[in-house]
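Take a look at the structure set out below.
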Amino acid sequence: MRAPRRGNVTALLLALALFWLVAYPLVFIGAEATHADVGGFVASSSEWAALWASLWISVASVGLAAAIGVPLALLFEGFDFPGRRVLGALIALPAVLPPLVGVIAFLFLYGESGFVSRGVQALLGLDHAPWRLQGAGAILLVHAYSMYVYFYLFARAGLARIDASMLEAAASLGARPWRAFRKVTLPLLAPSLWGAALLTFMTALASFSAPYIFGGGFRVMTTQIVATKLNGDLPTAMLETVALAVLAIAGFAIVQKSEGNRLVVSVGKGTAPQARQIRNPVARRAAALLGWLFGLVLLLPHLTLILVSLVPPGTWTTEAVPPVLGLTNYTTLFSEPERLRPLINSLWMAAAATLGAVALAALAAHLAIRRRVVLRRAIETLLALPWAVPGTVVAIGLATVFSVRSPLAGRWVLVGTAAILPLAYLVRSLPLTGRALLAGYRQLDPALEEAAESLGAGRWRRLWRVTLPLLRPALAAGASLAFVTALGDFVTSILLYTYDTRPISIEILSSLRLSDVGVAAAFGVVLMVVSAVALGAGARAGAGGAGASR
Amino acid sequence: MAEGAYLSIRGLSKAFEGTVAVAGLTLDVERGEILALLGPSGSGKTTTLRLLAGFETPDAGAIVVDGEDVTRQSPAARRFGMVFQHYALFPHLDVAANVAFGLRGKGEDAARRVREVLEMVDLAGYEKRSVAALSGGQQQRVALARSLAPAPRVLLLDEPLSNLDPALRERTRRELRRAIRHVAITTVFVTHEQEEAFDLGDRVAVLSGGRLEQVGTADELYDEPASSFVASFVGRTAELPGERVGGRAGTLALVRPEAMRFVANGDAQLEGVVTERRFVGAQAYFTVDAGDGMVFEVQAPLKAVQVGQRVRVAVDRVLFWTHAEARPQRGVPPGPGAPA
């Protein structure tokens with residue numbers, strides 16, 4: 001704060017670097033798209049169909065996720081029943097399934113030769129599978145499963161913030177519970193619900209794994225882009241990318257605007273309403289039973305994945321349940337260097353991307369919050385921008401910029417090298433680390449650093465002894481999210497990988513293609529476990545450091 | 001006192017985005033003296049303290065300590081100790097690590113010094129406690145110990161007692177004074193409470209709008225205010241039209257409530273009706289409405305007059321004469337009891 005001018009040079013350099021990584025590729029997509037046959041694009045019914053499919057699938061995903069997540073949140077926040085705590089934690093489980101892993105788990109579970117389909121087939125004595133897991137329905141099923149968590153978590157957090165005395169005030173003014181819910185609880189909850197809706201919409205719009213595996217002939221924009229690019233029609237792929245980016249940014253802007261209008265500022269701070277004990281024993285049992293059943297449904301994909309990963313190759317054909325179980329797939333995975341390679345690739349690339357994204361975000365937060373540099377708005381916007389841009393768009397953009405050598409224009413040939421995937425992961429992680437560190441810096445009392453300074457501590461000692469330890473929760477949260485996202489990434493990987501740098505998700509896909517189902521599942525389990533461990537470690541580091549900070 | 005000053009502030013100025021916070025402030029502090037910076041919010045007292053600490057760079061002027069110009073030195077190089085308003089204790093470090101933060105080296109010497117200063121603030125044995133587990137008063141003492149541990153040249157305190165509840169404030173103030181006296185350190189502290197300023201400060205500098213209004217002891221400020229601002233900011237005053245109390249028309253007389261008394265007859269200058277009595281102990285403040293919007297308070301024994309009674313009031317001494325147009329600006333309302 002003392003010498004704002006000094007920080008402005010650094011800020012300019014940082015803003016340029018962020019622009020180069022985040023916005024420059026988008027500019028290139030726009031430029032390349034002008035070479036495309038725009039008339040043909042507009043006249044093409046398949047393009048409009050894909051665009052429309054992206055839009056309605058996203059809106060429907062929001063509706064489904066809300067229909068599952070909000071009632072669950074109301075149930076768990078409002079009522080107490082046996083097993084509430086355990087279930088409340090279980091319910092966030094879909095979050096530890098990387099998108100592609102979730103999709104293949106669904107495939108193993110509800111696909112044509114999945115457990116549930118085989119079970120139903122055997123039960124009814126059918127000679128073919130009772131359904132095909134394909135098309136819009138399948139995509140929506142996966143979306144509902146993986147995205148209701150946003151609504152559940154946001155709504156629970158929102159409900160916990162509502163002051164119980166407001167509901168008591170409504171009751172004392174004669175409002176019955178339903179009226180109090182409509183007139184008080186819902187309006188207060190609106191900002192949380194809008195936040196969840198925005199997150200779900202953007203995630204669904206950018207979703208690639210589910211449409212790619214289950215889409216079949218049903219194309220959404222993300223899969224359309226990849227198909228066009230594989231066909232070699234680059235300009236049209238660019239135009240499609242622009243269309244998707246415009247849709248995403250428009251959706252972002254619309255929800256952001258309505259969210260702003262509806263923002264309800266809570267007055268004062270009170271205690272959250274107590275969860276009501278369900279007294280009726282029958283209702284208690286019913287709630288508990290329903291809860292556990294639901295928990296089982298949530299857990300099924302994880303269990304399936306583990307089970308399939310234990311099936312040795314070629315031992316399971318027509319039986320409803322695999323006849324042999326063993327660790328063959330895991331020994332294959334860990335003993336053959338070529339099999340282990342994707343795991344090592346994913347680990348180092350995710351770690352490098354995380355390190356870079358954390359460092360950039362920390363510098364940005366320091367400059368924007370502490371030094372209050374002139375460019376702070378631009379820096380914060382650039383940090384958040386990749387969030388509004390689907391991964392497909394990011395990947396296409398990077399592939400365009402970094403396929404030509406032209407150092408003066410800031411372009412080098414990185415496509416086909418080991419650098420491109422970590423770079424793509426880094427760009428995709430920036431909003432996560434940025435958000436965490438901006439929030440961390442905002443909560444950090446500047447007087448603490450001043451106190452250290454007046455006690456004689458120089459810049460590095462202040463950073464090491466005061467700032468970093470106090471930022472630990474934010475660093476841990478941002479880093480673990482970034483790492484898990486990069487580790488499970490499929491959408492940018494499929495457009496940018498090379499054989500030598502193929503990550504786990506690509507290996508899962510090729511194993512599936514080779515009908516190496518067990519190995520694919522084993523990779524999925526490894527990914528799931530590493531993700532869970534990383535998120536757990538992040539949460540623990542966060543809780544440890546947050547204890548005493550103001 | 002200019003020659004013998006240990007800490008010398010010379011023509012210090014600072015503006016933030018065009019808003020002047022400190023305007024040409026000049027002040028001298030003797031070695032071992034405790035100086036209070038008193039003023040309403042926005043008077044520039046906190047900015048002055050931050051300039052002294054080195055957290056802000058002045059636009060003009062100099063800060064000299066013991067003959068050395070420290071104006072351009074970083075806070076780390078200045079060797080000034082600072083106690084922050086909210087203490088700014090490091091939440092991730094225990095009491096001992098907080099106190100040892102500013103000490104060079106580790107080992108037995110540092111540990112001894114930590115013990116020493118903690119003993120001084122009555123917190124011996126608290127070394128391993130978490131700072132979050134301490135009460136407000138204890139946190140304040142840890143903050144003091146931490147700032148004193150490296151033996152700074154000057155101690156700065158930002159509203160040192162504002163974060164404590166009133167019951168604790170007076171005791172903590174006494175302890176604070178004892179500790180500062182014990183190390184005999186040159187001290188500057190900021191407050192907006194006159195009682196605190198007069199009780200803790202050897203001298204008090206009254207600031208308003210970034211300028212020094214007056215610096216002096218409590219008695220000087222109270223009895224011989226240099227400006228109408230000081231007269232009305234320090235203690236209570238009534239504003240009376242000058243011509244009613246023997247002055248010229250167009251002037252305004254500032255009068256202390258205790259410099260007025262109720263009289264039965266002739267030598268009264270003012271007349272009015274008692275509208276209210278406020279009890280403040282042995283004496284009371286009687287609000288008198290003399291018509292024409294002239295309302296003032298008179299300090300008198302509890303049973304001197306009754307509410308509703310018509311009274312005559314004599315003025316013994318006018319504290320300060322000013323022009324009617326230049327009505328003194330009141331900052332925060334004066335504290336409950338004027339220092340007697």
Side-chain angles (χ1 to χ4, degrees), chain A residues 1-8 362 366 369-377 437 439-477 540-550, chain B residues 14 16-17 46 49-58 72-95 97-104 129-134 139 142-143 145-158 163:
Chain A
M1 203 183 296
R2 208 163 348 107
R5 301 284 159 264
R6 230 186 312 155
N8 281 334
H366 171 75
I369 308 294
R370 190 63 78 239
R371 306 292 285 269
R372 303 195 59 73
V373 292
V374 182
L375 284 168
R376 60 180 181 274
R377 276 281 150 72
L437 278 155
Y441 254 101
R442 284 205 179 92
Q443 283 169 5
L444 190 63
D445 185 355
L448 291 169
E449 286 165 276
E450 289 178 354
E453 200 177 1
S454 86
L455 288 166
R459 175 198 293 224
W460 297 112
R461 190 168 138 79
R462 286 204 301 280
L463 183 69
W464 193 246
R465 290 286 313 272
V466 178
T467 313
L468 283 182
L470 291 172
L471 280 179
R472 202 175 70 174
L475 286 167
R540 185 134 19 86
S549 67
R550 329 177 152 271
Chain B
K14 178 74 180 174
F16 294 103
E17 282 157 18
T46 298
L49 200 74
R50 292 177 60 81
L51 285 165
L52 284 174
F55 300 135
E56 312 284 354
T57 314
R72 302 283 146 192
Q73 277 182 8
S74 75
R78 265 176 212 210
R79 295 207 292 119
F80 280 24
M82 172 113 175
V83 176
F84 290 80
Q85 186 172 10
H86 302 283
Y87 316 138
L89 295 177
F90 303 127
H92 57 299
L93 303 178
D94 63 15
V95 169
N98 261 283
V99 174
F101 193 92
L103 296 176
R104 295 273 148 233
R129 297 277 189 101
S130 150
V131 291
L134 301 179
Q139 289 184 354
V142 174
R146 182 178 69 176
S147 64
L148 288 176
R153 298 191 281 188
V154 174
L155 179 65
L156 306 170
L157 303 109
D158 187 5
N163 233 6

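Letters A, B, ... are given to chains in the order of the sequence lines, protein chains preceding strands, and every chain is numbered from 1. Every heavy atom of this structure was used, including side-chain atoms; hydrogens, water molecules and symmetry mates were not.
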request  = Can you sort out the partners of A/Glu449 under side-chain hydrogen bond (donor to acceptor under 3.5 Å, both in side chains), two or more places apart, ordered by chain and number?
outcome  = A/Arg370, A/Thr467
query = Is there a side-chain contact between B/Asp94 and B/Asn98, using heavy atoms and a 4.5 Å cut-off?
reply = no
Atom group of B/Arg104 that falls short of 4.5 Å from chain A, counting heavy atoms = side chain
Min side-chain heavy-atom separation B/His92-A/Pro469 under 4.5 Å = yes
Interface moiety of B/Phe90 toward chain A, non-hydrogen atoms closer than 4.5 Å = both
request  = Could you look at B/Leu93 and say if it's the side chain, the backbone, both or neither that has a heavy atom under 4.5 Å from chain A?
outcome  = side chain
task = Applying side-chain hydrogen bond (donor to acceptor under 3.5 Å, both in side chains), name anything that partners B/Asp158, two or more places apart in sequence or on another chain.
result = none
